[in-house]
Amino acid sequence: RGVVLSEIRLENPQARIVRLDDGRFNFSDLADEFASKPKTEEADASGVDFSLNNIQVTGGSLVFDDRVVREKHEIRDLILSLPFISNMDYALQTFVEPAFSAVVDGAPLRAQGKSKPFVESLDSELSLELSDVKLPGYLVYAPADMPVSLTGGVFDTALKINFHNDQNGKASLQASGTAALKDFDIRVKGVGASDISGNAEALPVRRLAAAALDTVFEASLQRDKDKKAALQVSGTASLKNFDMRMNDVGVLSLSRNPDA
């Protein structure tokens, strides 16, 4: 016996999140009220069997208005589908296969995965594709004030991630895929197109630019039962039409023939 739902469907959900000038959010008062309530004993739902089927979210949108850094981000055309998820005995060895897609600030995002969330191995796989991400709008979220500015840059990636936990407590996480940075232009702050000034005088490079930086990589993270971890990374990278401008030194330009 348990909870069984044949379909869960949510159409055109919309949300708006605002980070106010003081750093609080437009829902902070609700979070504060919830946190201030005294803790009470809650019923343990871990022993409840359930089977949730045909879960679908379509046409979703989210707007994040960050008034601290004067940036606005938008997620639209959000679609989430999950054929089923269940902790009943008959379904434990069957993969749960969610799929997600959206357009994030104009950049298409697609993700598809499969997992066995209720067995010890936690076997999981995730494929993710993200393209045409315009990076300059996200540099404001760097944890520290950076001495450079990113005036151009578009990011693409295709990733595949696998996770497995064996019976001896050893866990492994493997990632492989490609990443590309196109039309990026990094400049030292305080430096114009033809002059060198301000805090840039102590730096030997005033500009880095390239038409494309393509990478292919594999990474593996292993953790034993004593929680000791080992990381291995391998891959290749290629650079096209590289341009480095030096302070009072000159210009270094490299180009790579795509057909070579």
Side-chain angles (χ1 to χ4, degrees), residues 1-15 17 41-62 75-104 107-133 155-179 216-235:
R1 300 177 62 180
V3 177
V4 178
L5 297 178
S6 60
E7 183 179 25
I8 302 173
R9 186 176 182 88
L10 181 61
E11 297 182 350
N12 302 320
Q14 299 181 14
I17 299 175
E41 293 185 4
E42 298 180 357
D44 183 10
S46 61
V48 177
D49 291 334
F50 63 87
S51 177
L52 309 180
N53 303 275
N54 299 316
I55 302 171
Q56 299 178 60
V57 179
T58 61
S61 65
L62 170 66
I75 299 175
R76 58 180 177 83
D77 299 335
L78 187 153
I79 298 175
L80 172 65
S81 64
L82 185 61
F84 88 100
I85 182 170
S86 174
N87 66 347
M88 294 184 176
D89 290 341
Y90 76 90
L92 292 181
Q93 294 298 330
T94 303
F95 279 105
V96 177
E97 300 186 10
F100 175 86
S101 66
V103 178
V104 182
L109 167 64
R110 291 179 294 275
Q112 190 164 0
K114 60 180 184 179
S115 179
K116 296 179 180 178
F118 303 111
V119 296
E120 185 178 1
S121 67
L122 295 174
D123 286 332
S124 301
E125 178 181 303
L126 173 65
S127 297
L128 184 146
E129 295 181 6
L130 183 62
S131 57
D132 296 329
V133 180
F155 179 71
D156 299 338
T157 187
L159 298 177
K160 187 174 182 179
I161 302 172
N162 292 275
F163 177 82
H164 175 75
N165 188 39
D166 69 17
Q167 296 179 348
N168 297 320
K170 296 180 179 179
S172 64
L173 179 68
Q174 295 181 326
S176 61
T178 62
V216 179
F217 67 91
E218 292 185 0
S220 176
L221 178 63
Q222 308 284 336
R223 190 189 68 181
D224 60 24
K225 60 182 180 180
D226 297 324
K227 296 184 178 182
K228 295 181 179 179
L231 175 65
Q232 293 181 334
V233 180
S234 63

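Computed over heavy atoms, backbone and side chain alike; hydrogens, waters and symmetry mates excluded.
- In this structure, CD in Gln56 is found 4.5 Å from CZ in Arg9, a value given to the nearest 0.5 Å.
- Counting heavy atoms from C-beta on, the side chains of Ile55 and Leu80 never come closer than 4.5 Å.
- Ser127 places no side-chain N or O within 3.5 Å of a backbone atom of Ile161 that could act as its donor or acceptor partner.
- Rounding to the nearest 0.5 Å places CD1 of Ile85 at 12.0 Å from OG1 of Thr94.
- For the atom pair CG of Leu221 and OG of Ser172, the computed distance is 9.0 Å after rounding to the nearest 0.5 Å.
- Residues Ser86 and Phe50 share a closest heavy-atom pair of OG-O, 2.8 Å.
- When the shell of 6.0 Å around NZ of Lys160 is examined, it contains 12 or fewer heavy atoms from other residues, nucleotides or ligands.
- Residues Val57 and Phe100 are not in side-chain contact: their nearest non-hydrogen atoms beyond the backbone lie 4.5 Å or more apart.
- Panel note: side chain Asn54, backbone Ser6; a donor-acceptor pair is recorded below 3.5 Å.
- When every heavy atom of Phe163 is checked against every heavy atom of Ser121, the shortest pair comes out as CE2-O, 4.2 Å.
- Smallest separation of non-hydrogen atoms from Gly2 and Met88: CA-CE, 4.1 Å.
- Nearest heavy atom pair, residue Thr157 against residue Thr178, reads OG1-O, 2.9 Å.
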- Message: For Asp156 and Leu130: C-alpha separation, side-chain torsions, deciding distance, then whether side chain to side chain contact (heavy atoms under 4.5 Å, CB included) applies.
- Response: CA-CA 6 Å; Asp156 299 338; Leu130 183 62; over 6 Å; no
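- Under a 3.5 Å cut-off, the side chain of Asp77 and the backbone N or O of Ala102 do not form any donor-acceptor pair.
- Note that CG of Asp166 and CG of Asp123 are 10.0 Å apart. Values are rounded to the nearest 0.5 Å.
- The NZ atom of Lys170 lies 11.5 Å from the CG atom of Asn165; values are rounded to the nearest 0.5 Å.
- Here the closest non-hydrogen pair linking Gln93 and Val119 is NE2-CG1, 3.5 Å.
- Nearest approach of Glu218 to Ser176, heavy atoms of both residues: CG-CB, 3.9 Å.
- Asn53 places no side-chain N or O within 3.5 Å of a backbone atom of Glu7 that could act as its donor or acceptor partner.
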- Task: Could you walk me through whether Ser220 and Gln222 pass side chain to side chain donor-acceptor pair (under 3.5 Å), step by step?
- Result: CA-CA 7 Å; Ser220 176; Gln222 308 284 336; 3.0 Å; yes
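- Rounded to the nearest 0.5 angstrom, Ser61 OG and Leu78 CG are separated by 8.5 Å.
- Take Gln174 and apply the side chain to side chain donor-acceptor pair (under 3.5 Å) test, not counting sequence neighbours, and it matches no residue.
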